[in-house]
Amino acid sequence: MKKKFGAVIMASIMACTVTAGLAFSTGCGPKKAEFVMPDGGFDTETPVTITFYHTMGQNNRPILQRHLDKFKEVYPNITVKEEAIGGYDDVRDQITKEIISGDEPNLAYCYPDHVALFNQSGAVQPLNDFLKDSGYNDMKVTRKDGTTESLCLTEEETNAFIKGYYDEGFKFGDGSTMYTMPFSKSTEVLYYNKTFFETNNLKVPTTWDEMEETCKKIKEIAPQSTPLGYDSEANWFITMCEQLGSPYTSATGNKYLFDNEENREFVQRFKGWYDKGYFTTQGLNDNKYTSNLFKVQASYMSIGSSAGAKNQSPDRVDGEYPFEIGITSIPQVNPAKPKVISQGPSVCIFKKNNPQEVLASWLLVKYLTTNVDFQAQFSDASGYVPVVTTVLENEIYKKYLAEANGFGNVTYLAAKVCMEQEAAYYTSPAFVGSSKARDEVGALMQAVFVGKDLNETFKAAIEECEYFAG
């Protein structure tokens, strides 16, 4: 059965064919002029209005508005219209339709595969002109108070970004063009029942070999338990490819590479674990997060999003937590070369005929991604991790990190792990169809675990991807 994302793309292609007489992949919607830096840079006198699509809810949106007000104080001629558009896929779907009519926003939340889709029509603005060493590093913008700032990212601002998050913006084929900036991020971490581990003298696993041994010991101690819950089968597959250095996908040439011996071997290995009752996944757990098992001590380890740390916490009993949570990095094939997935929204800017709209959008992106107070406050409200290490300059955030513990402050305990493993983050290549590959490898893991033929399942997954790609 074809996934919703595929249907959206095909509907957009058909709509574009009817509307513009062109396939979406060859460009549709009103043609936007390529950005040319105005001689005077950003015009701080003429009013300009920009629209920002996002997915923020009631906890996060007031923080955004507070900082948009501060941004307005700095650049009073810029008006920002922010719009909450449901979830991430809703943002993607709406923009896909709006590109056809030329009504897309100025900037938006995005994931890499969304940007690859938008760029089928060349709609996304490359950001290279705004990076350090771009050729415009001497260009200044004058704020309302008369002070100036660099239009481009400075070297200091660039170095403050967590490298893996920043580098995600280049994962679109040529490796040299930047299309996104990181906004707020998350990753996977290993939650474990620290009380249970200490009581039973168990070692927290750092490798998959150690994980297998730990699951075996837990099963001996608590036979009715499922030692490990792993929420995302797709993340597990893709991460194993990264850790092993085995092929998964490519943004160029033959795109679907995941049917190979090394990948079949690890899936078969984990099938053996499943048969022994060592783990379950969200897909195998009636599509319920495995944190539900961890919270009630039906499992003692859980691999899930760092942004969902609060969801791992058990309910209090007579005012006390029944156990302490420990949080650490996920197991590795080689701990000396760690790999963990980069998740969470980035932002992209869309091409516009008015270069002042592009510049205003860039100034907002620069403000939100490098502003220490915004990053700290947004992280506190959302559970996502700041994208810059300079957030440690924020006294309140620094205080919360220092007070992190495995009882009532697990969000910051997860954040500490995320900040400490900044060199380990990876992002898979992004192209139209990359999300299809993700869907298929997750589905094939589940299918093999419940008894489907290994080789046939891999083959069918590749065929699904290739059919989708046409």
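Computation of the quantities below employed the complete heavy-atom set of this structure, encompassing side-chain atoms and omitting hydrogens, waters and symmetry-equivalent molecules.
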*Any side-chain heavy atom of Asn106 sitting closer than 4.5 Å to one from Phe350?*
no
*asked:* I want to check something: taking the side chain as every heavy atom from C-beta on, are Thr177 and Asn128 in contact at a cut-off of under 4.5 Å?
replied: yes
*What residues form a ring-ring contact (aromatic ring centres under 6.0 Å, His included) with Phe266, not counting sequence neighbours?*
Phe237
_Ignoring hydrogens and geometry beyond distance, is a side-chain donor-acceptor pair present between Glu82 and His54 at under 3.5 Å?_
yes
*Any Lys/Arg nitrogen of Arg269 or Asp209 sitting under 4.0 Å from an Asp/Glu carboxylate oxygen of the other?*
yes
_Listing request: all side chain to side chain donor-acceptor pair (under 3.5 Å) pairs with a residue in residues 215-224, at least two apart in sequence or in separate chains._
none
_Flag, side chain of Asn235 to backbone of Tyr230, donor-acceptor distance under 3.5 Å_ = no
*Can you tell me which residue pairs pass the salt bridge (charged side-chain N to carboxylate O under 4.0 Å, His left out) test with a partner in residues 181-203, sequence neighbours excluded?*
Glu168-Lys185, Lys194-Glu324, Lys203-Glu210
*Using ring-ring contact (aromatic ring centres under 6.0 Å, His included) as the criterion, list what pairs up with Tyr192, not counting sequence neighbours.*
Phe197
_Validation row: Phe279, Pro227 side chains within 4.5 angstrom (heavy atoms)_ = no
*Ignoring hydrogens and angles, tell me if any N or O in the side chain of Thr154 forms a donor-acceptor pair with the backbone of Glu157 under 3.5 Å.*
yes
*Looking at side-chain heavy atoms only, is the closest gap between Asp145 and Arg143 below 4.5 Å?*
yes
_Less than 4.0 angstrom from a charged side-chain N to a carboxylate O is my criterion; do Asp439 and Lys436 meet it?_
no
*Sub-3.5 Å donor-acceptor pair from the side chain of Asn285 to the main-chain atoms of Asn287, do we have one?*
no
*Parallel, tilted or perpendicular for Tyr88 and Tyr111, by the 30°/60° rule?*
perpendicular
*Taking the inter-plane angle between the rings of Phe407 and Tyr321 on a 0 to 90° scale, is it parallel (under 30°), tilted (30 to 60°) or perpendicular (over 60°)?*
tilted
_side-chain contact (heavy atoms from CB on, under 4.5 Å) against Asp259, all qualifying residues, sequence neighbours excluded_ = Arg264, Phe458, Ile462
_Non-neighbouring partners of Lys163 that pass side chain to side chain donor-acceptor pair (under 3.5 Å), sequence neighbours left out_ = Asp167
*Can any side-chain N or O of Tyr426 pair as donor or acceptor with the backbone N or O of Gln243 at less than 3.5 Å?*
no
*Which residues pass the side-chain contact (heavy atoms from CB on, under 4.5 Å) test with Ser302, sequence neighbours left out?*
Tyr191, Thr290, Phe294, Gln312
*salt bridge (charged side-chain N to carboxylate O under 4.0 Å, His left out) between Lys97 and Glu104, intermediate numbers included*: CA-CA 8 Å; Lys97 296 172 185 175; Glu104 71 278 1; over 6 Å; no
_Between Tyr179 and Asn119, is the side chain to side chain contact (heavy atoms under 4.5 Å, CB included) condition met? List the steps._
CA-CA 10 Å; Tyr179 285 104; Asn119 251 349; 3.2 Å; yes
*Has the side chain of Thr281 got a donor or acceptor atom that lies under 3.5 Å from a matching backbone atom of Asp231?*
no
_Pairwise distance OG1(Thr390) to OH(Tyr397) - rounded to 0.5 angstrom_ = 11.5 Å
*Over 60° means perpendicular and under 30° means parallel, so classify the ring planes of Phe118 and His114, tilted if in between.*
tilted
_Validation row: Thr207, Pro331 side chains within 4.5 angstrom (heavy atoms)_ = no
_Tell me if a side-chain donor or acceptor on Lys72 pairs with a main-chain N or O of Ile78 at a distance below 3.5 Å._
yes
*Are side-chain heavy atoms of Gln375 and Val387 found at a separation under 4.5 Å?*
yes
*Would you say Glu242 and Val340 make side-chain contact, with heavy atoms under 4.5 Å?*
no
*Cut-off 3.5 Å, side chains only: do Ser382 and Asn60 have a donor facing an acceptor?*
no
_Qualifying salt bridge (charged side-chain N to carboxylate O under 4.0 Å, His left out) pairs, either residue in residues 273-299, two or more places apart_ = Lys271-Asp275
_Where at least one partner belongs to residues 405-423, residue pairs that pass salt bridge (charged side-chain N to carboxylate O under 4.0 Å, His left out), sequence neighbours excluded_ = none
_Suppose we screen for side-chain contact (heavy atoms from CB on, under 4.5 Å). Which residues come up paired with Asn201, at least two apart in sequence or across chains?_
none
*Under the salt bridge (charged side-chain N to carboxylate O under 4.0 Å, His left out) rule, what pairs show up with a residue in residues 376-405, not counting sequence neighbours?*
Glu395-Lys398, Lys399-Glu403
*Are any non-hydrogen side-chain atoms of Leu392 and Leu401 less than 4.5 angstrom apart?*
yes
_Aromatic contact, Tyr384 with Phe183 (centres under 6.0 Å)_ = no
_Close aromatic pair by centroid cut-off 6.0 Å: Phe71 and Tyr75_ = yes
*asked:* Once side-chain contact (heavy atoms from CB on, under 4.5 Å) is applied, do any residues pair with Asp315, and if so which ones, sequence neighbours excluded?
replied: none
